[in-house]
Structures are given as structure tokens and as C-alpha cells.
Amino acid sequence: MSDPTTEHRRAPGEGADIPAIGHPAHVVDDPAEITPEWMAEGLRGGDVGAVEVTGLRHEPIGTGQMGSSYRFHLEYAADRTTDRAGSATATDPPAPAPASVVVKMVAGDPAGRDVARRGYRKEVGFYSRLAGISRARTPRCWQAAITPDSRSFTLVLADAHPARPGSLAAGCDARQAADAARNLAGLHAPFWNSELLDAEAFWLERPGDAELAFMGELHVIATTEFVERFRDLGSLDLVEDA
């Protein structure tokens with residue numbers, strides 16, 4: 001866990017320039033480091049209020065390569081209980097107290113983290129700065145913090161259970177594909193040619209011309225292959241049912 005008393009130079013490209021949600025020292029690399037006190041502090045940072053977490057257990061979920069995710073089941077003191085939807089039933093004051101949360105952190109060796117650090121910055125920065133503007137469905141975020149070198153981060157997010165992650169091997173049905181396309185549009189539309197991203201330039205790294213050219217070529221190739229492969233399937237109706 002990082003030391004909150006240490007001063008870090010806020011140089012471009014370093015995690016110190018990304019505003020955190022919750023306690024900035026709450027960055028862990030191992031789910032075993034998360035104690036009931038850690039979790040209570042993290043939830044308090046997201047406006048849950050003062051809660052006493054008395055117990056927790058975790059299990060891995062997903063198969064991420066750049067990060068690892070864990071579902072934490074939480075227990076609270078007798079004066080703060082949760083209903084099945086994760087809403088608090090305490091009366092002084094009423095505040096959400098989730099029955100479970102998802103904690104995401106880094107995975108892999110130092111070399112891999114160095115390559116992925118830009119992705120870590122973008123994910124933490126999205127939740128701490130941009131998620132509220134996005135029109136895509138995003139989980140509530142109680143904790144979003146990253147180390148000054150951008151090589152470790154920790155997110156505490158609302159649990160979407162019983163939803164399941166998609167599978168490229170298994171595919172999906174038309175309704176699921178349409179739902180994904182709508183959310184993809186909801187993610188991109190609010191930021192398309194938006195001056196808002198210019199205002200976030202103090203932490204959001206911009207790709208260079210060579211990287212942009214490479215990504216443009218890659219998208220053209222991928223789109224061409226997609227159209228050729230699925231041409232016979234027709235088009236999906238992305239209009240919401242009335």
C-alpha cells in the first residue's frame with residue numbers, strides 16, 4: 001500500500017496527476033491486503049457514510065489479462081444491514097451499503113505493467129472524471145486510485161451480479177449484440193469532438209501521429225473483415241422497442 005504522506009512530483013504521464021475517488025492510499029496488489037477496515041474506508045470515500053464492515057470474503061471473477069477482478073461479499077455491524085439489491089436499511093442516516101462489490105487491480109509482472117500503464121491511467125481517470133458524463137451504463141464507483149508511477153491501481157465498483165461477462169467463443173444473440181452496440185454509442189457520443197477532453201489533458205495522454213495512423217489502419221482492416229464475415233447475417237435493429 002502506498003504512503004499518503006509521500007510527496008510526488010505531478011509530472012505528465014504519472015498517476016499523481018489523476019484525481020482519486022476515495023482514499024488515495026488505497027492501492028493494493030493482492031486481494032488479501034483488503035481488510036474490513038480498508039473496505040469501510042473505501043465505501044466511506046464514495047459517500048456511503050460511516051459503515052462498520054465486520055467481515056468479508058472474496059473470489060476471483062473474469063479472465064482479465066491486464067487486470068484482476070474479485071467479488072467481495074461484505075458483512076456489516078448489526079445496525080447496518082442490506083437488502084438483496086444492496087440498499088441500506090439503516091435509518092440514521094440512510095445510505096447505500098452494498099452486499100457485494102467488485103475490486104479490480106493490476107495483474108502481471110513489472111514489465112507488463114509498464115506496457116499497460118496508459119490503460120490503467122485511462123480506466124482510473126474515466127471513473128474519477130468522466131463516468132458521470134458517459135451515456136453508457138457504468139457501475140457505481142466507490143474507489144478509484146492509482147500509484148504515482150501508474151503501475152498499480154485499485155477500483156471498487158458496484159457488483160453487476162448476476163450479469164455475466166461476454167464470451168468471444170460462445171458469441172451472443174441479437175438482443176445482446178444490440179445492447180452492446182447501444183452502450184458503445186453511449187460511451188463515445190458524449191465525447192465525440194468534445195472540448196471536454198481538452199480540459200482533461202492534464203492527465204489524459206494523447207497518442208502521437210504514428211500511433212493514430214496505426215490505429216486507423218487497424219480499424220479499417222478489422223471493419224473490412226467484420227463486414228465480409230457477417231455480410232450474410234443482415235443488419236441488427238438497434239432501435240429500442242416502443
Side-chain angles (χ1 to χ4, degrees), residues 1-4 6-29 34 38 41-48 62 64-70 101-108 110-160 165 180 183-212 214-215 219:
M1 186 176 296
S2 58
D3 182 357
T6 302
E7 294 294 331
H8 299 288
R9 184 171 61 90
R10 293 165 63 91
E14 292 189 346
D17 58 353
I18 301 179
I21 295 176
H23 202 300
H26 278 194
V27 179
V28 296
D29 280 351
I34 297 179
W38 187 103
E41 183 69 24
L43 295 177
R44 186 179 301 115
D47 295 330
V48 167
Q65 302 302 310
M66 294 173 57
S68 298
S69 297
Y70 302 88
V101 295
V102 169
V103 177
K104 185 173 183 179
M105 60 190 68
V106 297
R113 296 184 185 192
D114 190 59
V115 172
R117 55 185 291 274
R118 180 179 291 181
Y120 300 157
R121 289 174 52 79
K122 289 180 178 179
E123 185 163 13
V124 171
F126 172 80
Y127 280 107
S128 66
R129 300 287 294 183
L130 303 175
I133 303 170
S134 171
R135 293 168 59 188
R137 288 180 298 184
T138 57
R140 177 176 179 177
C141 180
W142 284 280
Q143 175 82 32
I146 189 168
T147 56
D149 62 6
S150 299
R151 289 167 175 79
S152 293
F153 73 95
T154 306
L155 297 170
V156 179
L157 305 170
D159 188 0
N183 276 279
L184 186 62
L187 174 63
H188 287 280
F191 306 109
W192 192 260
N193 291 329
S194 172
E195 294 181 356
L196 172 65
L197 295 185
D198 291 330
E200 299 298 316
F202 69 95
W203 64 268
L204 185 60
E205 294 181 71
R206 302 306 180 97
D209 291 340
E211 185 176 353
L212 288 173
F214 171 76
M215 292 302 298
H219 287 163

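Quick note: numbers below take in every heavy atom, side chains included, and nothing from hydrogens, waters or symmetry partners.
Closest approach of G186 to P190, counting heavy atoms only: O-CD, 3.1 Å. Nearest approach of A158 to P139, heavy atoms of both residues: O-CB, 3.8 Å. Among all heavy-atom pairs drawn from R151 and R113, the shortest one is O-CD, 3.3 Å. Taking both residues in full, the closest heavy atoms of L187 and F126 are given as CD1-CE1, 3.8 Å, listed atom of the first, atom of the second, then distance.
Atom CG of D209 has 12 or fewer heavy atoms from other residues, nucleotides or ligands within 6.0 Å. Atom CZ of F214 has 12 or fewer neighbouring heavy atoms from other residues, nucleotides or ligands inside a 6.0 Å radius.
To the nearest 0.5 Å, atoms OG1 (T154) and NE2 (H26) are separated by 9.5 Å. To the nearest 0.5 Å, the span separating NZ on K122 from OH on Y127 amounts to 15.5 Å. From E200, atom CD reaches atom CZ of R129 across 4.0 Å, with rounding to the nearest 0.5 Å. Taking CZ of R140 as the start and CG of L157 as the end, the distance is 11.5 Å to the nearest 0.5 Å. The structure places CG of L204 at 9.5 Å from CZ of R118, a figure rounded to the nearest 0.5 Å. Here K104 contributes atom NZ and Y120 contributes atom OH; the two are 9.0 Å apart, rounded to the nearest 0.5 Å.
Side-chain atoms of S150 do not come within 3.5 Å of backbone N or O of R121 as any donor-acceptor pair.
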Quick one: do D159 and V101 satisfy side-chain contact (heavy atoms from CB on, under 4.5 Å)? Show the steps, please.
-> CA-CA 5 Å; D159 188 0; V101 295; 5.6 Å; no

Show your working on side-chain contact (heavy atoms from CB on, under 4.5 Å) between I146 and V27 and close with a plain yes or no.
-> CA-CA 6 Å; I146 189 168; V27 179; 5.7 Å; no

Stepwise side-chain contact (heavy atoms from CB on, under 4.5 Å) test for F153 and V106 = CA-CA 6 Å; F153 73 95; V106 297; 3.3 Å; yes

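The side-chain heavy atoms of M105 and V28, taken from C-beta on, include a pair separated by under 4.5 Å.
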